[in-house]
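Below is one structure, written out as structure tokens, with a few remarks after it.
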Amino acid sequence: MKYEHLVIEKKWQDFWVNNKTFRTPDIDKIDKSKPKYYVLDMLPYPSGDGLHVGHPEGYTATDIISRYKRMRGYNVLHPMGWDAFGLPAEQFALKKKVNPKVGVEECVIRFRGQLQALGFSYDWDREINTTDEDYYKWTQWMFLKLYNSYFDEKENKAKPIEELAIPDSLKGDDITKFIDSQRLAFISESPVNWCPELGTVLANEEVPEQMEKGYTVVRRMMKQWKLRITKYAQRLLDDLDKLEWPENIKKLQTNWIGRSDGAIVKFKIKSNDGKGRDIEVFTTRPDTLFGATYMVFAPEHKLISEIVSDEQKEAVQNYIDEAARKSDLERAELAKDKTGVFTGAYAINPASEIEMPIYISDYVLMSYGTGAIMSVPGHDERDMEFAKKFDLDIIPVVIPQKFKDVAFRKIKSDNGEIIISGKGLEKILNGASKGFLNYCEEVREAKTCFTEEGYSINSGFLTGLTTAEAKAKMIKWLEDKGIGRRNINYRLRDWLFSRQRFWGEPFPLIHFEDGRIKALKEEDLPVRLPNVTSYTTSKTGESPLSLIDEWLNTTDKETGEKATRETNTMPQWAGSCWYYLRYIDPKNDKIFCDKEKEKYWMPVDLYIGGSEHAVLHLLYARFWHKVLFDLGYVNSSEPFNILFNQGMILGEDGVKMSKSRGNVINPDDMIKEFGADSMRMFEMFMGPLEATKPWSTEGIAGLHRFLSRVWRLVVDDRTGELNPKIVSDDPTDEEKKLLHTTIKKMTHDIEDGDMKFNTSIAQMMIFVNELYKVEKISKSVMENFLLLLSPYAPHIAEELWQRLGHTESLAYHPWPEYDENLTKAEQITVAFSVNGKVRAKMSVDADLSEKELEQFAFDDESIKKHIAGKEVVRIIVVKNKMVNVVVK
RNA sequence: GCCCGAGUGGCGGAAUUGGUAGACGCGCAGGACUUAAAAUCCUGUUGCCUGUAAGGGCAGUAUCGGUUCGAUUCCGAUCUCGGGCACCA
């Protein structure tokens, strides 16, 4: 009987499902004396195309770990679910004129079938779907928690809104306004990408695609819900240290959060109308304040209308209008060429006391810092470009280290020794200081822009100091004068949390006619999506929900007052922010997850998914988890302890798989032709998990060949009986060494956590190749090998295990142990080299002394030849490895 | 532009702390079995030079340089590719 993968794989998949082999018992039935291991996959979006070959890559890795940990005696939690809200399902629904859940159901059935066909050991009793009412009820519940919480700056954590201290000075509506301004979920007017032709708002990522199709996209202000993730910026940054994540992912998150240390500086604006006005700016380089020669405001800055001069009014208004029409993307694309307009107003530099003209330009962003900057064109490239274009003054105030000695040479004057700054020096020195003078001249002429740290010049009381010293001294000076302070800025923005779509979680909020907003109570949840058979998009940019009157119009349950529902829905990220908690307690209708169960299973021990989620999903989930932690709903401050990113699988041509290229590999075809076990093994054999690597159909055939070889080792091809080579004898010494070496290698490969399964598979191939060379195989050796193989190729392992006479599944059979002594070779090959070049190799007894090895080297004919007539200077002996003779 | 990561045979990739470069697989070549083919099994496979042969020699881990008895591994510079961010003051 040949290796018939289709028959075997179906048999065992049915066995596992019917026997619930991989069901993780509920908490009270679990043996708590065993350690726990929570292995999580990033839950997939069940798209209409079905699985692609990239999915099984990460899933196979987690499955191998899960199966290994079970054999190691761990209580393993290994669940799967569906992240099914989102745009593709919505577009499918609009096209087919159906409710999106119709399409989602089909896709889920398809995905589940495909995953089961790969033999993954998920506990299907814990399957979740983010679009189930029982699930999104709790997503809404968490939104309410965010809405009803504020961030306490002193304690650096979220607290219930009832605990918020309200200033005594506030009365009536102002109290409500104050409370609303502190909530972690808040509504605000925000710019969005509006596409008039499509009548919809687009996410930033969708903009380029639509513009290529010829649609226009403009910026437009709309009321949007946001989550105050920025309050958690520092904690999200600090806690990265606790996590065993790849350094590059930590770096990506660090950059995304983007902490900048600097100062806030207050400038006086020269008054046109007698009113005293100040403007604050943020700078990371307070040491360059003496070099600030002009200011730039973002076009959206509120102060512009107050300070603009009559002559400039029209030009300024035109510029503001133009900037408003551009999308963020357009603003960025035109980045090379600076634009702007003079406002006619001036500010006073508090350090140099010069008048600084105030410009507006869209290179200054309203959303970062204070929306206004001090420009130091000598030491900031953008400022320099702008200064060049508008012919503004440039003062060099920082010099590179190399000019230090020239710039600050001590000059004897009539009054004794003094330090002269670069400015004074220019008049006095020549020759020796040419490089320095050239530098100053180039800066003034906007030919050079020195943005690094160095030494201050032309900077009054800062002159001569290093950049670090000057920063500190300037901040002190600003604080003493009450016109500035140390400040930290983050790049991270508050999370735009609303979408104008049908297919998402509705917000549990109602609006009254007078504009008041009321959050629903926990017992009112879930707010269900309307059960319509079809729907259309609105032309106003609002959610399709706004057109469904019987859903939209409602009354306040408590007062009977007329109200309308919030029509925005939550973004696709919402459901995936906490799904890992629901797996722990998927059927609970009292709470999203029982706290005792959470305490047992959390944090996730291993989390594997694609690096496309390195920033957003992982940051959002960490943020939600911290809020839940602050409010006392979870015991862990971070959700994912170890993270691993799988690499992308490219097409056979070495480029990204895409339908248009026609290089897409369908996993169904591969499973049918070669089998799930071959598929799993090949994806692991291709290379390290994190690497990007091209697919090879010839490669998967090779793994199928390997599994066939394993099959024939146990089963006689012609008779279907056991291979007569398999005997009940004790293993020979050779077999023992081979087996124990293999156990050792494979155990280490998994325990090291590098996810280099390719070398384990190579070791199994060596094992099988060796067994093909011997006359007899001890049955126990074969059994141990099947246990080693089982996490990788579970179907064939179970089948052969059974054929060797076992009646129980091997899924919970202990992983083989190895004996270190048995892995050691008695004979080893050592290399003899002369001057580092290997000249001879020799098989010797292991653990020879250095003297003995040395003697062998000198007795070797080839070594003798190479050292003949030369002086031996040194001999280096590395035990069990080599002897190197150094000659002259 | 900035921040990460990576460059090893025809290809995917191996190589504990610096210690025998190319494990394992694919592909290719040759052989066995077969009327033939497929499947299977065996052998070879970094390049160049040399030898009838066993063998021997030289070069070689993107490029150039450094440290070292010895470098794929450590250090410096450069080039190429991949990923992320992108006017963040």
Tyr772(A) ring centre to Lys725(A) NZ or CZ under 6.0 Å, with the angle to the axis within 45°? yes

Partners of Arg491(A) by side-chain hydrogen bond (donor to acceptor under 3.5 Å, both in side chains), sequence neighbours excluded? none

Which nucleotide in the list G84(B), C42(B), C69(B) gets nearest to the side chain of Leu252(A)? G84(B)

Once pairs are restricted to Watson-Crick or G-U wobble with both distances under 3.5 Å, how does RNA chain B read as a dot-bracket string, [ ] for crossings and | for other-strand pairs? (((((((..(((......[....)))((((((.......))))))(((((....)))))..(((((..]....))))))))))))....

To the side chain of Lys2(A), which of C85(B), A39(B), G57(B) is closest? A39(B)

Please enumerate all protein N or O atoms sitting under 3.5 Å from an N or O of nucleotides 59-62 of chain B, with distances to 0.1 Å.
| from | atom 1 | to | atom 2 | distance (Å) |
| --- | --- | --- | --- | --- |
| A59(B) | OP2 | Lys837(A) | NZ | 3.4 |

Polar contact flag, side-chain donor to acceptor under 3.5 angstrom, Thr742(A)-Gln763(A): yes

For nucleotides 4-9 of chain B, list the nitrogen or oxygen atoms of the protein found under 3.5 Å from its nitrogen or oxygen atoms, one pair per line.
none

Counterpart residues, side-chain hydrogen bond (donor to acceptor under 3.5 Å, both in side chains), relative to Asp653(A) (two or more places apart): Asn663(A)

Can you confirm whether the side chains of Ser190(A) and Lys226(A) place a donor and an acceptor under 3.5 Å from each other? yes

Can you pull out the residues from residues 357-366 of chain A that lie within a 4.0 Å heavy-atom distance of RNA chain B? Asp362(A), Tyr363(A), Val364(A), Leu365(A)

Polar atom pairs between nucleotides 73-75 of chain B and protein, under 3.5 Å, N or O only, would you list them?
none

Give me the distance, rounded to whole Å, that separates C3(B) from U16(B) when you measure between the P atoms they each carry. 30 Å

For Phe390(A), all residues meeting ring-ring contact (aromatic ring centres under 6.0 Å, His included), sequence neighbours excluded: Tyr359(A), Phe386(A)

Protein proximity profile, nucleotides 12-24 of chain B - base contact B, sugar-phosphate-only contact S, no contact -, cut-off 4.0 Å on heavy atoms: BSSS---BB--BB

Determine the interatomic distance between P on C24(B) and the same-named atom on G83(B); round to the nearest Å. 33 Å

Considering only the C1' atoms, how many Å lie between U68(B) and G19(B), rounded to the nearest integer? 12 Å

Find every protein N or O atom lying less than 3.5 Å from an N or O atom of nucleotides 28-31 of chain B, and list the pairs.
none

Below 4.0 angstrom from OP1 or OP2 of C41(B), is there any side-chain N or O of Arg712(A)? yes

According to ring-ring contact (aromatic ring centres under 6.0 Å, His included), who are the partners of His5(A), at least two apart in sequence or on a separate chain? His704(A)

How would you list all residue pairs meeting side chain to side chain donor-acceptor pair (under 3.5 Å) that involve residues 284-298 of chain A, not counting sequence neighbours? Arg285(A)-Asp287(A), Tyr294(A)-Ser375(A)

